[in-house]
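Written below as structure tokens is the structure these notes are about.
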Amino acid sequence: MTPLPRRPRLSFFVSHRGSNMRAIVSACQTGALAADPVLLISNNRTSAALNWAAENGLPHAHLSPKSSGSEDALDQAHLDALQEAGADLIILAGYMRKIGPRVLNAFSNRILNIHPALLPKYGGQGMYGHHVHEAVVSNKESESGVTVHLVDDEYDTGPIIAQAKVPVFREDTPDDVSARVLVQEHRFFSETLIRIVSGEIDLDALG
Ligand code: GRF
């Protein structure tokens, strides 16, 4: 893989809300993160993320298996859009689908995902959103957290880049844990990207 440029171009894949994407875009705007958001792709035509991108001038595309005709055509459409945007990094932030083999191959060690738990615990198919935090509370964990990891062809199994913990208190509901983790996510994803862009974290040494 070619080295990351000093100021990488970021593309986002988001299915729903997009609060992590917005936090990262904001870090770029303040100058804290030396990177340029260039594209948002969503599989969900009515997602808040897509709406936000449209209102805020971030180039965006709605691409789904239905709109492309097949999974393979969708994979190619993703690749075309990413190459046209000149994307250097792909940021999955609440993207509820797997990434196809063409994009995985073209962006080897350049696709990051954020997961709202301390992987390898509470990951894998079906472990998303409130399911994660419900499992954490019902197992009486004393801590949970955030994992940023490289993406492979399975859910939540790629090499871990960085993790941050949050406490879980005895009286917490899953919603309490979710809210605490989300605050940490918004801070931690940008912080991790800053360490990647500065060269402190070498993605090619992980994958
Ligand atoms: C986050 O909790 C993230 O960890 C998970 O999906 C959620 C997305 O939230 N993968 P948002 O769309 O960024 O608000």
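In each ligand, atom 1 is the first atom listed, and ligand 1 is the first ligand listed.
- For atom 3 (C) of ligand 1, the nearest protein heavy atom (residue, atom name, distance) is Glu185 OE1, 3.0 Å.
- Protein heavy atom at the shortest distance from atom 5 (C) of ligand 1 is Ile114 O, 3.8 Å.
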Q. Are Asp88 and Arg7 close enough, and set up right, to give a salt bridge (charged side-chain N to carboxylate O under 4.0 Å, His left out), and what steps lead you there?
A. CA-CA 9 Å; Asp88 300 301; Arg7 196 176 171 89; over 6 Å; no

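- Between Lys98 and Glu71, the closest side-chain pair of non-hydrogen atoms is not below 4.5 Å.
- When the heavy atoms of Ser15, Gly94, Ala93, Pro116 are ranked by distance to atom 6 (O) of ligand 1, first place goes to Gly94.
- In this structure, the side chains of Glu185 and Leu182 come closer than 4.5 Å at one or more pairs of heavy atoms.
- Distances between N or O atoms of Asn113 and those of ligand 1 include no value under 3.5 Å.
- Given atom 9 (O) of ligand 1, the protein heavy atom at minimum distance is Arg17 NH2, 3.3 Å.
- The heavy atom nearest to atom 13 (O) of ligand 1, considering only Asn20, Val181, Thr147, is found in Asn20.
- For the atom pair Ile99 CD1 and Phe107 CZ, the distance stands at 10.5 Å (nearest 0.5 Å).
- Listed by atom number, the atoms of ligand 1 under 4.0 Å from Ser19 heavy atoms are 11 (P), 12 (O), 13 (O), 14 (O).
- Using a 4.0 Å cutoff on heavy atoms, His16 does not count as a contact of ligand 1.
- Protein heavy atom in closest approach to atom 12 (O) of ligand 1: Gly18 N, 2.7 Å.
- Judged by distance alone, with hydrogens and angles left aside, the side-chain atoms of Ser178 form no donor-acceptor pair with the main-chain N or O of Pro174 at under 3.5 Å.
- Between Ile196 and Leu203 there is a side-chain heavy-atom pair separated by less than 4.5 Å.
- You'll find the side chain of Asp172 reaches within 4.5 Å of the side chain of Arg180, heavy atoms only.
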